[in-house]
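A quick note: this is a predicted structure, and the numbers were derived from the prediction, not measured.
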Amino acid sequence: MDLAVEVQVASNHFPSNERYSLTDQVRRSARSVAANIAEAWRKRRYGPAFVAKLNDAEGEAAETQTHLELSVRFQYLMADRASALDQRYERLLGQLVTMSARPELWVIRAGKSQKS
């Protein structure tokens, strides 16, 4: 969620003519990352659903990275700020891939205690 807030703040300075295009898209995808992770966590009882939502979060994170790069190329966002956000998204993507590759460490099984 912190990344979604940072993207929101960073996009506050985008030009008004981008309000219904790039600004909305980068904000939507950043928020969707957090929402998909939350939904995945609540679906830990169902391994395939858990992994599917993690994969959705992964796709939204990659989309957010693309929008951030476009923001730099359009000169709406400073490269250093975009790079810092991109690095954080890369770390998050690594965590999502790790969780997707080993869902048994996270999925709740009947009679088994949960891992956090």
Side-chain angles (χ1 to χ4, degrees):
M1 284 198 267
D2 291 342
L3 275 168
V5 170
E6 287 187 44
V7 168
Q8 172 78 31
V9 170
S11 66
N12 281 340
H13 305 291
F14 288 6
S16 60
N17 66 317
E18 289 287 1
R19 175 177 292 155
Y20 299 109
S21 54
L22 184 59
T23 305
D24 282 347
Q25 287 297 308
V26 71
R27 289 175 177 179
R28 183 207 53 79
S29 62
R31 291 174 184 168
S32 187
V33 174
N36 278 299
I37 292 170
E39 193 170 348
W41 192 248
R42 296 306 299 171
K43 292 188 176 199
R44 294 187 326 277
R45 286 182 179 83
Y46 315 101
F50 173 69
V51 171
K53 293 314 288 183
L54 291 176
N55 289 336
D56 290 345
E58 214 181 309
E60 294 292 342
E63 180 179 338
T64 303
Q65 287 178 303
T66 299
H67 293 312
L68 291 170
E69 176 63 25
L70 286 169
S71 300
V72 171
R73 291 179 185 211
F74 294 148
Q75 299 180 351
Y76 302 155
L77 189 60
M78 298 295 295
D80 59 341
R81 187 161 192 193
S83 178
L85 287 168
D86 185 71
Q87 289 173 17
R88 292 185 61 199
Y89 273 105
E90 283 297 317
R91 283 193 298 275
L92 176 60
L93 282 162
Q95 293 169 331
L96 293 171
V97 167
T98 297
M99 291 176 79
S100 293
R102 302 279 316 270
E104 68 277 3
L105 297 175
W106 306 97
V107 172
I108 298 171
R109 301 263 187 242
K112 180 181 170 187
S113 64
Q114 86 183 54
K115 279 201 156 193
S116 54

Is K53 close to R42 at the side-chain level, that is, under 4.5 Å between some pair of heavy atoms? no
R109 bridged to E104 by N-O distance under 4.0 Å: no
Straight-line distance of Q25 CD to S29 OG, nearest 0.5 Å: 7.0 Å
With E6 via side chain to side chain contact (heavy atoms under 4.5 Å, CB included) - residues at least two apart: L85, R88
Kindly indicate, with the supporting measurements, whether the criterion side chain to side chain contact (heavy atoms under 4.5 Å, CB included) is fulfilled by D24 and H67. CA-CA 10 Å; D24 282 347; H67 293 312; over 6 Å; no
When rounded to the nearest 0.5 Å, the distance separating CG of N55 from CD of E60 is 12.0 Å
Q95 side chain to T98 side chain, donor-acceptor N/O pair below 3.5 angstrom: no
Check for a donor-acceptor pair, side chain of S11 on one end and backbone N or O of V7 on the other, with a separation under 3.5 Å. yes
With sequence neighbours excluded, what pairs up with Y76 under the ring pair (Phe, Tyr, Trp, His ring centres under 6.0 Å) test? F14, F74
Might you work through the side chain to side chain contact (heavy atoms under 4.5 Å, CB included) test for D86 and L68, ending with a clear yes or no? CA-CA 8 Å; D86 185 71; L68 291 170; 5.6 Å; no
Determine, for W41 and R44, whether the Lys NZ or Arg CZ falls below 6.0 Å from the six-membered ring centre while staying within 45 degrees of the axis. yes
Any side-chain heavy atom of L3 sitting closer than 4.5 Å to one from V33? no
Kindly determine whether S21 and E18 satisfy side-chain hydrogen bond (donor to acceptor under 3.5 Å, both in side chains), including the steps that lead there. CA-CA 5 Å; S21 54; E18 289 287 1; 2.6 Å; yes
Kindly write out the residues that satisfy side chain to side chain contact (heavy atoms under 4.5 Å, CB included) with Q75, not counting sequence neighbours, or none if the list is empty. none
Joint hydrophobic cluster, L54 plus L105, side-chain heavy atoms closer than 4.5 Å: yes
For S32 and R28, indicate whether the former's side chain and the latter's backbone hold a donor-acceptor pair under 3.5 Å. no
CE (M99) and CH2 (W106) are apart, to the nearest 0.5 Å, by 4.5 Å
d(T64 OG1, L93 CG) to nearest 0.5 Å is 9.0 Å
